[in-house]
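To start, the structure itself, in structure tokens.
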Amino acid sequence: MPSFSTAQKVAVVDVQKVFDGYQKVKEARARLDKSKKIAMEELEIFRAEMEKIVKELKEMEDKIKNPNIDSTDLRKKYQEKVEKAKVKQDDMVSYDKRAKATISQRQRNLLVEHLADIRKAVQQVAGAKGYDLILNSSETQLGVFYAGDKFNVTEEVIITLNASQGKK
């Protein structure tokens, strides 16, 4: 039976802080923010077009209510405009759903894609420092409630990650 009487070297790393400090993550987040901004701009264009159609519909309604104007042809145009508004509304809702789904997927991919890099950097630091165990000390994790500063290798992992990115 193996004996655990030898002292184990243990350290902690704040994986969330590493993630936030990783240059590739910062760049990916910037691209994601740019995509969000573009999606919002597209939605604003849809909204502006909808507002224009609604304004035109209100003007047509006023004319239809006017007893001095023959509204037969106007009613037909009004119905066509209503149909156009419905299509535009559906397009806007559809675009909004697609954009949100795409951005949400890219956020999930961001985490998965860079977690492997972080794990590799943690392993490099562990190997270099001779640690037997490195625990995640992020505030969002329930596993580590306290660790002294001497156990924290977070900054070394960030440096290792960003240094390895520069080599590529």
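Sequence positions, counted from 1, serve as the residue numbers for this chain.
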Can you tell me if [X] and [Y] form a side-chain donor-acceptor pair at under 3.5 Å?
X	Y	value
Thr102	Arg98	no
Asp14	Thr154	no
Ser104	Arg108	yes

Exercise. Mind checking who shares a hydrophobic cluster with Leu74, ILVMFWY linked at side-chain heavy-atom distances under 4.5 Å?
Worked result: Ile53, Leu57, Met60, Ile64, Tyr78, Val82
Exercise. Hydrophobic clusters join Ile, Leu, Val, Met, Phe, Trp and Tyr when side-chain heavy atoms are under 4.5 Å apart, directly or via other members; which others share one with Ile45?
Worked result: none
For this session: I would like to know whether Val157 and Ile134 meet side-chain contact (heavy atoms from CB on, under 4.5 Å); could you show each step before the answer?
Result: CA-CA 11 Å; Val157 172; Ile134 297 183; 5.9 Å; no
Measure the [atom1]-[atom2] distance between [X] and [Y] for me, rounded to the nearest 0.5 Å.
X	Y	atom1	atom2	value
Leu111	Phe19	CG	CZ	5.0 Å
Leu133	Leu135	CG	CG	4.0 Å
Arg75	Glu61	CZ	CD	10.5 Å
Thr160	Ile118	OG1	CD1	12.0 Å
Lys36	Lys100	NZ	NZ	12.0 Å
Lys17	Asn136	NZ	CG	13.0 Å

Exercise. What's the verdict on salt bridge (charged side-chain N to carboxylate O under 4.0 Å, His left out) for Lys52 and Glu49, showing C-alpha distance, side-chain angles and the deciding distance?
Worked result: CA-CA 5 Å; Lys52 181 181 174 194; Glu49 290 172 356; over 6 Å; no
Nearest non-hydrogen partners of [X] and [Y], listed with the distance:
X	Y	answer
Tyr131	Val153	CE1-CG1, 3.6 Å
Val25	Leu110	O-CD1, 4.3 Å
Leu161	Asp117	CD2-O, 3.4 Å

Exercise. When Asn109 is tested against each of Gln105, Arg106, Gln107 for side chain to side chain donor-acceptor pair (under 3.5 Å), which residue passes?
Worked result: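 Looking at Gln105, Arg106, Gln107, the match for Asn109 under the side chain to side chain donor-acceptor pair (under 3.5 Å) is Gln105.
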Problem set entry | Candidates Lys84, Lys77, Lys81 - the one meeting side chain to side chain donor-acceptor pair (under 3.5 Å) with Glu56 |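 Exactly one candidate clears the test, Lys81.
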For this session: For side-chain contact (heavy atoms from CB on, under 4.5 Å), just list the numbers for Ile158 and Glu155, CA-CA rounded to whole Å, side-chain angles, deciding distance to a tenth of an Å, and then say yes or no.
Result: CA-CA 5 Å; Ile158 293 171; Glu155 290 304 317; 4.1 Å; yes
For this session: Tell me whether Tyr95 is reachable from Ile103 by hopping between hydrophobic residues (I, L, V, M, F, W, Y) whose side-chain heavy atoms are closer than 4.5 Å.
Result: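 No, Ile103 does not connect to Tyr95 through the hydrophobic network.
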For this session: Following the transitive rule for hydrophobic clusters with a side-chain heavy-atom cut-off under 4.5 Å over Ile, Leu, Val, Met, Phe, Trp and Tyr, establish whether Val13 and Ile159 coincide in one cluster.
Result: no
Exercise. Should we say atom CZ of Arg119 is surrounded by more than 12 heavy atoms from elsewhere, each under 6.0 Å from it?
Worked result: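 Incorrect, the count does not exceed 12.
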Exercise. Thinking salt bridges, do Glu113 and Lys24 make one under a 4.0 Å N-O criterion?
Worked result: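 Between Lys24 and Glu113 there is no salt bridge, as every charged N stays at least 4.0 Å from the carboxylate O atoms.
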For this session: Could you tell me whether Arg29 and Asp20 make a salt bridge, using a distance below 4.0 angstrom between a side-chain N and a carboxylate O?
Result: yes
Problem set entry | Val12 backbone acceptor or donor facing Ser137 side chain under 3.5 Å | no
Exercise. Donor-acceptor pair, Ser94 side chain versus Asp90 backbone, under 3.5 Å?
Worked result: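 It does not hold such a pair.
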For this session: Assign the ring pair His114 / Tyr22 to parallel, tilted or perpendicular, where the plane angle (0 to 90°) is split at 30° and 60°.
Result: perpendicular
Problem set entry | Residues which pass salt bridge (Lys or Arg N to Asp or Glu O under 4.0 Å) with Lys120, listed by chain and number, not counting sequence neighbours | none
